[in-house]
Number of protein chains: 2
Amino acid sequence: MQPADNFEIGARIRAARERVGLTQAALALQVGVTRSAVAQWETGRAGQVGGHLAQIAAVLGLGIDHLLRGGAAQSLAQEFGERALTGDELALLRLYRNCQADDRTILLRMARRFSQIEEK
Amino acid sequence: MQPADNFEIGARIRAARERVGLTQAALALQVGVTRSAVAQWETGRAGQVGGHLAQIAAVLGLGIDHLLRGGAAQSLAQEFGERALTGDELALLRLYRNCQADDRTILLRMARRFSQIEEK
DNA sequence: ACGATATGTGAAAAATTCTAACGGGTCTAT
DNA sequence: ATAGACCCGTTAGAATTTTTCACATATCGT
């Protein structure tokens, strides 16, 4: 694989990671490597991310095709209403599901406060 | 990645190769490796097929998701597909979509704080 | 200024991948 | 029965890659 491709994969990893609000250390923890491995992926030092592709894609809410090829790969077309879920929305859902019930209540209340929908 | 996963990837490579009528040597030629590398992929000896995924998928007419995961690959969406979204999760998504960008950031950060996936 | 946090990078250890070579099974022609 | 062609499985090790560790720099809040 060309070095330029590696850099582009790394750039997509970084963009997705920042979009879901993770640090390199957080992504590394969820994938199962050290932070500097993630840094090297993102700066194109690694030849390719090899055996961690599926895990990276899952954590970041990306399709593997998108990770490898870029473009508008839509493996993530999860329908909600008429729009697919974005990466940050999937991240929010994953995090929310791992919250305790009272913390979920707090999150919902805050979302209501912030939201521009009036609820009756 | 678990050895069983490697074997399953190899089994999918072999099934697709036979379906398109190629020998190991022919596949190796088109991908750009030696025949024994292909044999090792198919018998699960290689950790994973790493940098050749896209090439193998192209030659065999497979999606990369299918190669890695098998089945009707749905990437991360399956995790949520297995469990339908609950009412509060739908509410959270709806509210989140109607938030401003900086409020979304706050919600994500709080979700990360509450979540038991928290790093560090 | 200081501490915490996030990230980039050099060097080297650790791991992996691939090649070359060997061996075995099957099939066909002689 | 034998030889040759073809296909594939496996081993050992060279080559390459990946990951870790440790250090450095920048930014931000106090």
Side-chain angles (χ1 to χ4, degrees), chain A residues 1-57 59-60 64 67-68 88 91, chain B residues 1-57 59-60 64 67-68 102 105-106 108-113 115 117-120:
Chain A
M1 188 171 286
Q2 303 299 326
D5 293 341
N6 303 335
F7 183 78
E8 287 167 11
I9 293 175
R12 285 193 283 277
I13 291 176
R14 184 198 303 273
R17 174 178 63 78
E18 290 175 344
R19 184 163 54 246
V20 302
L22 290 177
T23 62
Q24 288 179 346
L27 176 56
L29 186 66
Q30 297 193 46
V31 172
V33 292
T34 64
R35 184 203 60 81
S36 57
V38 174
Q40 292 181 61
W41 298 341
E42 293 185 358
T43 53
R45 283 175 54 167
Q48 46 81 32
V49 295
H52 303 291
L53 268 179
Q55 192 70 13
I56 295 168
V59 170
L60 296 180
I64 297 174
L67 202 52
L68 285 185
D88 55 330
Chain B
M1 187 172 289
Q2 302 301 325
D5 294 340
N6 303 336
F7 184 79
E8 289 165 12
I9 293 175
R12 286 193 283 278
I13 291 177
R14 183 197 303 272
R17 175 177 62 78
E18 292 173 344
R19 184 161 54 246
V20 301
L22 289 176
T23 62
Q24 287 179 347
L27 176 57
L29 189 65
Q30 296 194 46
V31 172
V33 293
T34 64
R35 184 202 60 83
S36 57
V38 175
Q40 292 178 62
W41 299 342
E42 292 184 358
T43 51
R45 197 171 306 263
Q48 45 78 34
V49 295
H52 302 294
L53 267 178
Q55 192 70 12
I56 294 167
V59 170
L60 296 181
I64 296 176
L67 205 51
L68 284 185
D102 46 350
T105 301
I106 293 173
L108 274 167
R109 290 175 62 120
M110 286 203 58
R112 201 170 312 121
R113 280 296 184 130
S115 173
I117 311 182
E118 184 67 9
E119 66 272 20
K120 171 63 187 261

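Naming convention: chains lettered A, B, ... in sequence-line order (proteins, then strands); numbering from 1 in each chain.
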Looking only at side-chain atoms of [X], point me to the closest of [options].
X     : options               : value
A:W41 : D:dT11, D:dT19, D:dC8 : D:dT19
A:Q40 : D:dC8, C:dT19, C:dA11 : C:dA11
B:S36 : C:dA20, D:dT20, D:dC8 : C:dA20
B:T34 : C:dA20, C:dG8, C:dA11 : C:dA20
B:V33 : D:dC8, D:dT20, C:dT19 : C:dT19
B:R17 : D:dC8, C:dT9, C:dT19  : D:dC8
A:H52 : D:dT19, C:dG8, D:dC8  : D:dT19

Check the distance between [N]'s [atom2] and [X]'s [atom1] and give it to me in whole angstrom.
X     : N      : atom1 : atom2 : answer
A:L22 : C:dT7  : CG    : C1'   : 15 Å
B:L27 : D:dG9  : CG    : P     : 13 Å
B:L29 : C:dT19 : CG    : P     : 12 Å
A:I13 : C:dG8  : CD1   : P     : 12 Å
B:I56 : C:dC18 : CD1   : P     : 8 Å
B:Q55 : C:dT17 : CD    : C1'   : 17 Å
B:Q24 : D:dA5  : CD    : C1'   : 16 Å

Atom [atom1] in [X], atom [atom2] in [Y]: separation rounded to 0.5 Å?
X     : Y     : atom1 : atom2 : result
B:L27 : B:E42 : CG    : CD    : 7.0 Å
B:R19 : B:L60 : CZ    : CG    : 8.5 Å
B:T23 : B:E18 : OG1   : CD    : 10.5 Å

Go through it in stages, so that I can follow the logic: the residues are A:R45 and A:Q40, the test is side-chain hydrogen bond (donor to acceptor under 3.5 Å, both in side chains), and I'd like the CA-CA distance, side-chain angles, deciding distance and then a yes or no. CA-CA 5 Å; A:R45 283 175 54 167; A:Q40 292 181 61; 3.3 Å; yes
With respect to the phosphate group of [N], does any side-chain polar atom (N or O) of [X] fall under 4.0 Å of OP1 or OP2?
X     : N      : answer
A:R14 : C:dG8  : yes
A:R35 : C:dT7  : no
B:R45 : D:dT11 : yes

Any donor-acceptor N/O pair, B:R17 side chain to B:L22 backbone, under 3.5 Å: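 Yes, because the side chain of B:R17 sits within donor-acceptor range (under 3.5 Å) of the backbone of B:L22.
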